[in-house]
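All values below come from the heavy atoms of this structure, side chains included, with hydrogens, waters and symmetry mates left out. Every chain is numbered from 1, with letters handed out A, B, ... down the list of sequences.
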Number of protein chains: 2
Amino acid sequence: MSYDLLKQHIKKNVNLSVTELNQICDYFKPLSFKKKEFLLSQGSLCRFEGFVTEGCFRVFTLDKKGNENTLYFAAKDWWLMDIDSFMHQTTSDLNMQALEDSEVLLINREDKIALYEALPTVEKLFRIMFQKGLVSWQRRLVRNHCLTAKERYFHFIETYPDIASKLTDKQIAGYLGIRHEFLSKIKKSEN
Amino acid sequence: MSYDLLKQHIKKNVNLSVTELNQICDYFKPLSFKKKEFLLSQGSLCRFEGFVTEGCFRVFTLDKKGNENTLYFAAKDWWLMDIDSFMHQTTSDLNMQALEDSEVLLINREDKIALYEALPTVEKLFRIMFQKGLVSWQRRLVRNHCLTAKERYFHFIETYPDIASKLTDKQIAGYLGIRHEFLSKIKKSEN
DNA sequence: CAAAAGAGTTGAACAAGTTCAACTAGCGAA
DNA sequence: TTCGCTAGTTGAACTTGTTCAACTCTTTTG
């Protein structure tokens, strides 16, 4: 059952009773997405947070020049959120698109706020999750400054082989912040 | 009094009574740093989190090639933390150095954990802070991918004029992820 | 199945940013 | 005051990554 994955995920971060875990799960509703379908488009309001239980999503921005910049990929066991739009109900800059047929557990804004109130441990859960997230974004920025595109490419495919194997080179290039033509040249060059 | 700044900072994020604010402040001890002094050096364990009440710090890493990469500057009203080293007591990759004579309110690891337990609202406070932090790191990475060094330079000095005015060009270059020689050329070129 | 759209490759010309070395200017400490 | 250190500047050669256009190969779709 898809809720099991969410429960496992939560248990990795905080201690909660079975009852409490079920209570949390009650707030989440499963939803399916077909390949290429959008869970969120820029310009709209983000009314939910999602936990991926099957498949994979790409979260990206589109700048004025039409360049797609991928913030992250969300495979099974990852969260999908536009924190800023969700919390402040401002229009979103992000797009979330299914890379393959996917399943997500969704919680909407009102329920998330209610959940924080109902179970204070959920504050701790998300405090820890955001804390971890912050660290990995910091590290990613440092890698962007210190490493060449080639080094970043190999770091990515070695760190996330399962995700990388689902992606086109164009999508990987968008994540690394380079043009796909250049990624093609990187792959051709000796290791 | 330096604690007032911390109280104001907290009140911007969560609702707490005067008593509770004082209770939080009790966990923090003031400490002074002379210009160029280090609050943390890479290789050591980070045993504290700090809130800057006066002055300014630079938080940076040093890679194998000897390049300094600045993660962020922490002026008055900013936090100084190495989240990873602090939480998991692993050796730190970060250096925190005072750019001028500075004052910090410090809380150590045991007290931070105790504070989370004593006042559950503190979980919420840090959940919100980390959440905001995560958003700004995401945005910074996107800027790094989409903007040129020149655009990033102007974005920085326009967004943080007060901090920028305290910094040398070398330090700004380290933050932008470019060599200082190139920053010199950017500044010389027409706007 | 056929047509069209998208993914990947390649080369040539170009732009962005680095490296190194040499120089100038200013500041801090003794 | 003087010495030495660090910051900043500049130019030339170089490396990294982009752009554009042309082409091939798959995949999707009607």
Side-chain angles (χ1 to χ4, degrees), chain A residues 34-38 56 58 60 62-70 73 95 97-101 141-157 163-191, chain B residues 34-38 56 58 60 62-70 73 95 97-101 141-157 163-191:
Chain A
K34 288 275 164 214
K35 183 172 179 171
K36 294 196 180 174
E37 222 179 320
F38 280 79
C56 190
R58 181 169 65 106
F60 63 99
L62 215 62
D63 68 16
K64 315 109 207 168
K65 301 170 200 158
N67 295 325
E68 286 186 0
N69 194 287
T70 298
F73 301 103
N95 302 281
Q97 186 181 26
L99 294 175
E100 56 190 36
D101 292 357
L141 189 92
V142 171
R143 283 197 303 275
N144 250 275
H145 282 170
C146 297
L147 304 185
T148 63
K150 188 171 185 169
E151 291 168 328
R152 284 179 347 247
Y153 170 67
F154 285 111
H155 177 273
F156 177 68
I157 60 173
I163 294 179
S165 65
K166 298 182 180 188
L167 305 174
T168 64
D169 284 358
K170 248 183 160 168
Q171 290 161 349
I172 294 178
Y175 177 85
L176 298 174
I178 58 175
R179 315 270 101 221
H180 72 281
E181 295 95 328
F182 188 55
L183 177 53
S184 175
K185 285 161 196 175
I186 286 173
K187 293 180 78 168
K188 196 194 167 195
S189 71
E190 311 309 314
N191 242 0
Chain B
K34 287 276 166 213
K35 183 172 180 172
K36 294 194 180 175
E37 219 178 321
F38 280 78
C56 189
R58 182 168 65 106
F60 64 99
L62 217 61
D63 68 16
K64 316 108 206 168
K65 301 171 200 157
N67 295 326
E68 288 186 0
N69 194 288
T70 298
F73 300 103
N95 303 280
Q97 186 182 26
L99 295 176
E100 55 189 36
D101 291 357
L141 190 92
V142 171
R143 284 196 301 275
N144 249 275
H145 282 170
C146 297
L147 304 184
T148 63
K150 188 170 184 170
E151 291 168 327
R152 290 188 332 259
Y153 170 66
F154 285 112
H155 178 273
F156 177 67
I157 59 172
I163 294 180
S165 65
K166 296 182 179 187
L167 304 174
T168 64
D169 284 358
K170 248 184 161 166
Q171 290 162 347
I172 293 177
Y175 176 86
L176 299 174
I178 59 175
R179 315 268 100 223
H180 72 282
E181 294 94 328
F182 188 55
L183 178 53
S184 175
K185 286 162 196 173
I186 286 174
K187 293 180 77 168
K188 196 193 167 196
S189 72
E190 311 309 314
N191 243 359

[X] [atom1] - [N] [atom2] separation (whole Å):
{"X": "A:Gln171", "N": "C:dG6", "atom1": "CD", "atom2": "C1'", "result": "11 Å"}
{"X": "A:Ile186", "N": "D:dT16", "atom1": "CD1", "atom2": "C1'", "result": "10 Å"}
{"X": "A:Asn67", "N": "D:dG17", "atom1": "CG", "atom2": "C1'", "result": "13 Å"}
{"X": "A:Asn144", "N": "D:dT16", "atom1": "CG", "atom2": "C1'", "result": "14 Å"}
{"X": "A:Ile172", "N": "C:dG8", "atom1": "CD1", "atom2": "C1'", "result": "12 Å"}
{"X": "B:Lys170", "N": "D:dC5", "atom1": "NZ", "atom2": "C1'", "result": "10 Å"}
{"X": "B:Asp169", "N": "C:dC27", "atom1": "CG", "atom2": "C1'", "result": "16 Å"}
{"X": "B:His145", "N": "D:dG17", "atom1": "NE2", "atom2": "P", "result": "11 Å"}

>> Is A:Lys35 close enough to D:dT28 that one of its side-chain N or O atoms is under 4.0 Å from OP1 or OP2 there?
In response: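 Yes, A:Lys35 has a side-chain N/O under 4.0 Å of OP1/OP2 on D:dT28.
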
>> B:Glu100 and salt bridge (Lys or Arg N to Asp or Glu O under 4.0 Å): which single residue from B:Lys166, B:Lys35, B:Lys36 fits?
In response: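 Answer after filtering B:Lys166, B:Lys35, B:Lys36: B:Lys166.
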
> Which residues in residues 176-185 of chain B have at least one heavy atom lying under 4.0 Å from any atom of DNA chain D?
Replying inline: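 Contacts with DNA chain D under 4.0 Å: B:His180, B:Glu181, B:Ser184, B:Lys185.
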
>> Quick test of your reading of the model: are A:Lys34 and A:Asp101 salt-bridged, counting only N-O distances below 4.0 Å?
In response: yes

> Between B:Glu68 and B:Arg58, is there a salt bridge with N-O shorter than 4.0 Å?
Replying inline: yes

> Within 45° of the ring axis of A:Phe182 and under 6.0 Å from its six-membered ring centre, is that where the NZ or CZ of A:Arg179 lies?
Replying inline: no

> Does some side-chain heavy atom of A:Gln171 sit less than 4.5 Å from a side-chain heavy atom of A:Thr70?
Replying inline: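 The answer is no; the side chains never approach within 4.5 Å.
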
>> By nearest heavy atom, map B:Lys36 and B:Arg152 onto DNA chain C; which one lands nearer the 5' end?
In response: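 Result of the comparison: B:Arg152.
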
> Would B:Phe60 and B:Gln97 satisfy side chain to side chain contact (heavy atoms under 4.5 Å, CB included), going step by step from the backbone distance to the final call?
Replying inline: CA-CA 8 Å; B:Phe60 64 99; B:Gln97 186 182 26; 4.1 Å; yes

